[in-house]
Amino acid sequence: MTDTTELSKAYEPTEVEARWYACWMERNYFRAEATSDKPAFSIVLPPPNVTGSLHIGHALTATIQDILARWKRMSGFNTLWLPGTDHAGIATQMVVEKELKKTEGKSRHDLGRAAFLERVWEWKGKYGARIGEQHRFLGASLDWSRERFTMDEQSSAAVREVFVRLYEEGLMYRAQKLINWCPSCRTALSDLEVEHEESKKGSIWHIRYPVKDSDRTLTVATTRPETMLGDTAVAIHPEDERYLGLAGKSVKLPLTDREIPIIADAELVDPKFGTGVVKVTPAHDFNDYQTGLRHKLPMLTILDEAARMTKETGKYAGLDRFEARKQVLADLTEQGLLEKEEPHMLNVGTCQRCATVVEPRLSPQWFIKIEPLAKPAIEAVEQGRTKFVPESWTNTFFHWMRNIHDWCVSRQLWWGHQIPAYYCTSCSPRQGDDTDLPLDAPTVKVGGVDFARAEPIVAREQPKSCPKCGGASFIQDPDVLDTWFSSGLWPFSTLGWPRETPELKTFYPTSVMETGHDIIFFWVARMMMMGIHFMGDVPFRTVYLHAMVRDEKGQKMSKTKGNVIDPLDIVLGAPADKLQPTLKNRFPQGMPPFGADALRFTLASLTQQGRDIKLSMDRLEGYKAFGNKLWNASRFALMNMGDFRMEAGPLDRSTLTLADRWILSRLQRATTEARALLESYSFGEAASTLYQFLWAEFCDWYIELAKGSLYGEDAAAKDSTRRVLVYCLDRILRLLHPFMPFITEEIWQKLPMARPTDSIMIAPYPEPDAAHVDEAAEGEMAPVIAAIEGLRTIRGESNLSPATKVKAVVQSADVRTRELLERWRGYLMPLAGLSEVTVGAPGAKPPQAAAFVGSNLEIYVPLAGLVDLDAERERLKKEIARAEQEMAGVLRKLENPNFVAKAPPDVVEKDRARVEELKERKAKLQDHLQRIAPEPAMPETPPSESTTPESSTPTAEEGASPSAPAQVKVAPNQEEKGGVDLGQELKGELGETGTASEAGDTQVQDALAKLREGTKEGLSPSDHHDLGVAYMTMGLVDDAMREFNRAKEGGDTRETPAEGAEAEEGESGPVKAHGDMLPTREVTQGEPVRSASKKKATAPGKVHGDKLAPAPTTEEAEAPAVKKAAAPAKKAAGTSAVARKAPAAAKKAPAKKAAGKAPAKKAAAKKAPAKKAAAKKAPAKKAAGKGAAKKAVAKKAPAKKAAVKKAPAKKAAGRKTAAKKAPAKKAAAKKATRAKPAARAKARR
RNA sequence: GGGCGGAUAGCUCAGCGGUAGAGCGUCGCCCUUACAAGGCGAGGGUCACAGGUUCAAUCCCUGUUCCGCCCA
């Protein structure tokens, strides 16, 4: 069955995905048991609107829920994931109306209610099916046998039941209240369906209302002048002195013949706002409505359902509200009653569906009394019976629930659940010319039932006879219910409620409600209220709210923006002409099929709690590649299986190799981690864990290591490796299955092993096996990996082709390490491309070799004849610089008595150990650097113009300023370790080879002690000066200044580098650059060669700064003779290289920054916390130091950067601005600390 | 006006008191027979700004500025 040729070279998702979904369906794997011994896990799919097709947000929903469902199913749960669609009242009615208009030019009224609804049902059939199909393409393991629709018979029955019960309980009532009305949709809206636009530009008009029986006028300020025609009062603040005595009088309402009262109302009127006089229009403004109620004002409706002026408005009747506004303003102007118009920012409510400005409208509607429902929901969350993830949504939920208003649930639409209220056609009031009469006035029967005044009979079924008059003819309330009304019942209506079904018993409360945070109020809150009220328990235990998916630019996806992405286009691919513009731009040849697995993995990976998801095509491509990687790793395994077939049962550990044990151990860790992350809904991290494990550990290391035995002759070893390969793959596939269901199934089916189930989707989710957690193996593997990485670094840096086999000498003082490396040379050689490896104790090193110094081993690769050694020297210097940099940082900490005293001992200990390690490493590197030094050349002649260290020029690379070699020793890094390094360096200078590392802790301690006391006795003024320079190179400005001051106090006459730098400012390019660099120099200390060469080596005298730096120190000390001259050829190369890079510096440094803040301090401070602290305490000093540092840092930066960076020449222009790059030192430091982060992470994490 | 997020590498994002990470992109060397959708190596960070707390701050606190969302 394991035909290796079965797997194609590249993974092709399309065919595989279609095949497996059909198979799963056929085998009924998605179906949940109504009753089962297994624990239940249930999720109801938030029902997508049947308005159209799924967008990428739905894909996210489906992905997350399917991950949960598959994971739980594999974990032994009786898992129900229940699909369905939502009828989406307004939205669907609108799209169908639109289509009707477009295709047939008809309105819904042309068809009539029944015929129109038929059309909508047709639409529903079409798009409902399409939505189902899309979910299938996404791999969603939904229980289609239980698919539901919010308007199917069962749901409708539930809706009726709920409505009637609420009515019976007094929680559902009908009332004439002011509600939000969309004049375009011509229906009531709930508060939530109104969107508030921030600060729209508008005007506020000041209108004079003449006070009756007086010459006085009252000026009201209003943003809606047209509504004055509906004013039934003007209000003033009772304590407003301007209007004392006016309350109780009346004004003449302009443009009408009405007189309206002046009322005093402290609640409505803010005397500080506008004129302090407010027009009151109770039928068209929510605040005025309340005022009207308080003062029992008449409520005059002047706008009809389409927001046209009613006949109440006389000459304005029939005008649209905005037209009317113009007319009213014109008329007021004419009458001289318009005082002024001012610009005004206003907030306008618009219809969520059609963006029309909504209009408050007085009309009879159905409402749910919400408070009695909200309270238990709040309590449930308070008590933790339902939890929000992320937790931060809890407060949002509370806030809204505690300020909730009664819910207007009636909609003047056709598509939806018609309200189960009936009116007797015999005795109900009728519409007619008497509609202006009071509500309780007797009526003349003219037209149809006047629902505003008729008495409803609420019942599950149409009543047989009218309890009032005995009439048998009824008409049902024409309104339908808010879509969210039926959605609110979803968690139990879908399970059969109000019938008592086994499903209800098994799956309610559902386990998780997973949905977008945008519908927390619309839907989640309402489900909570309804669920608790009707089921007596919360509808779900956990609410996981996911983020919104936005496009790559963070824009919300919308049809109008044209940035909507159809998930199926990603899954299946799409021709360019079908794509929206940005995607077409990105994929001019059309979108390739990424496959559902890649899309799902991408969405899962990008899912972070509390942050929107910007869908990145780059990442999508990356995860597609991940699928391919998995595919090919499996392909590799399968092609090497031979006749092997793994039997069931535990692995025999006795035959395992180190690599086997290592990967098995790593696998257990990944398993544990992935499971824990899933438990906490950390989908992104779970995906990342699996990604890292598969790629960086299993593929990059284990498969490579396995090749040895697979390609070898030892049949037993071969089988053992095969066993481990299959074991791991099986588990990796199962771990990944919830994320990538298709590819994992496809591969899993091909593994040569006994399968406990017919499909991976019902196989158990892997559990960690403690028996395979193997610390020892991981420990043994570490030096092997370290050695391989070291060798690869050497190869990479030397640009050695992988085909070139090299010899390597590995030395370690540690017997165990040597033993391991010797034993596992079989791993070492192929992975590092070695033809030969010699493992031994530290001793003779090969000449002309490249070296890698690890924490416990050193590696040498003779490079003579392979590459020139210049590159290697550069690399070593860089390494040295990094070590020094880090060491300096750690030593700074250790020097601080507070740190030693207050930090936890283990932290201090760790730092101490780190210093030791770094010291040793540095010594070895320096030692090696010296040993591969080119033939000594004549020392360069020091520039005659300067003798101070700063101005003295170091030679390009190794050149030492003759004037200061000895002082160099006092470089900052050594300062703390002080004595030791000093001694060591001196030794080096004297030609001694002994490593100082073992020199003695006592010396270190002594030095430290001295430093802590601040005495630094034993340092000469000159030492202080050099120390200052060294500090400066680290950006430790304050420390530097202190040392300079001490030097001066002691008689040292040299000027501070800053001064020096300044002095040099007018000089020619190279010279200046050097001078500038000097202070920050440590940056370049790692590569003096480079900076020198970059300078074209034309101004050797100027590079002096390098000398002072710690790194060069050693160089100089130990290899004083080394000259740049020695390697002219190299130099040239280096030069150009550097030149190319130089400009790069500019890149990082925005011009604006160069302009002028004092970056130095900041930069310096950053890298050197200690210094920062110092600065804080000594402001005066800081000031002093700042200037110096700024200059120093500013300048030096570019140099280092230039030296290090490889950037295209095009950027040269910006070099100057590079000054800003101050943090150069940081960069250097960074490198020091992260020799090989990626590799390290790969290997160890 | 109130509330909640966010600001970390060129891009998309993790991390959140103790040596800054990933993927993609970039640069260099490689078509090494699982994978060029690849391998190995490298480069790349004022962790928005300003204060504060701390031995130590990207991380905690306060404030500021931008961006986004929600509510009124």
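Proteins come first, then strands; the chains are lettered A, B, ... in the order of their sequence lines, and each starts at number 1.
Remark: aromatic rings of A:Phe594 and A:Tyr623 are distant, center separation not under 6.0 Å. For A:Phe388 and A:Trp393, the ring centers sit 6.0 Å or farther from each other.
The distance between atom CD1 of A:Ile520 and atom P of B:rG3, rounded to the nearest whole Å, is 18 Å. Residue A:Tyr691 contributes atom OH, which lies 13 Å from atom C1' of B:rC13 at whole-angstrom precision. Between A:Phe521 atom CZ and B:rA72 atom P the separation is 8 Å, expressed in whole Å. Nucleotide B:rG39 holds its C1' atom 12 Å from the CZ atom of A:Arg795, rounded to whole Å. Between the P atom of B:rC70 and the CH2 atom of A:Trp523 lies a distance of 19 Å, rounded to the nearest Å. Straight-line distance from the CZ atom of A:Phe899 to the C1' atom of B:rG17: 12 Å, rounded to whole Å. Between the CD atom of A:Glu697 and the P atom of B:rA22 there is a distance of 14 Å, rounded to whole Å. For the pair A:Lys919 NZ and B:rU19 P, the interatomic distance rounds to 20 Å; values are reported in whole Å.
A donor-acceptor contact under 3.5 angstrom links the side chains of A:Glu193 and A:Ser190, judged on distance only.
Taking every side-chain heavy atom of A:Pro904 into account, B:rC55 is the closest of B:rC55, B:rA42, B:rA37. Nearest nucleotide to the A:Asn632 side chain, out of B:rA42, B:rA37, B:rA34: B:rA34. Proximity note for A:His399 (side chain, C-beta onward) versus B:rC71, B:rC35, B:rG18: the nearest is B:rC71. Of the listed nucleotides (B:rA34, B:rG23, B:rC55), B:rA34 has the atom at the smallest distance from the side chain of A:Cys699.
Across all strands shown, nothing is found opposite B:rU53 as a Watson-Crick or G-U wobble partner with both distances under 3.5 Å. When both pairing distances are held under 3.5 Å, B:rG38 makes a Watson-Crick or G-U pair with B:rC30. Base pairing of B:rC4 is made with B:rG68, judged by Watson-Crick or G-U wobble geometry with both donor-acceptor distances under 3.5 Å. Nucleotide B:rU46 is matched to nothing when pairs are restricted to Watson-Crick or G-U wobble geometry with both distances under 3.5 angstrom. Summarising the base pairing, B:rA22 is matched to B:rU12 through a Watson-Crick or G-U wobble pair whose two defining distances lie under 3.5 Å.
The aromatic rings of A:Phe636 and A:Tyr711 sit perpendicular to each other, their planes meeting at more than 60°, with 30° as the lower class boundary.
Salt bridge A:Arg792/A:Glu789: absent, no basic N to carboxylate O contact under 4.0 Å.
In this structure, A:Ala803 reaches neither bases nor backbone, as no heavy-atom distance under 4.0 Å exists between it and the strands shown. At a threshold of 4.0 angstrom between heavy atoms, the contacts of A:Ala901 with the nucleic acid are absent. Nucleic acid contact class of A:Ser801 (heavy atoms, under 4.0 Å, all strands): sugar-phosphate only. Among the heavy atoms of the strands lying under 4.0 Å from A:Arg619 is at least one base atom, whether or not backbone atoms are also near. At a threshold of 4.0 angstrom between heavy atoms, the contacts of A:Glu704 include nucleobase atoms, whether or not backbone atoms are also involved. A:Phe601 comes within contact range of no nucleotide atom at all, as no heavy-atom separation falls under 4.0 Å. In this structure, A:Ile794 reaches neither bases nor backbone, as no heavy-atom distance under 4.0 Å exists between it and the strands shown.
Listed here is the closest heavy atom pair of A:Ala808 and A:Val861: CB-CG2, 4.2 Å.
Remark: the backbone N or O of A:Leu603 is paired with a side-chain donor or acceptor of A:Thr607 at under 3.5 angstrom.
Judged by distance alone, with hydrogens and angles left aside, A:Lys9 brings no side-chain donor or acceptor close enough to the base of B:rC35 to form a pair under 3.5 Å. Not a single donor-acceptor pair, N or O on each side, falls under 3.5 Å between the base of B:rA22 and the side chain of A:Glu685.
Residue A:Trp695 places at least one side-chain N or O closer than 4.0 Å to OP1 or OP2 of B:rG39. In this model, the phosphate group of B:rC13 is not approached by any side-chain N or O of A:Tyr623 to a distance below 4.0 Å at OP1 or OP2. Distances shown here put a side-chain N or O of A:Lys629 below 4.0 Å from the OP1 or OP2 atom of B:rG39. For B:rU19, one of the phosphate oxygens OP1 or OP2 lies less than 4.0 angstrom from a side-chain nitrogen or oxygen of A:Lys910.
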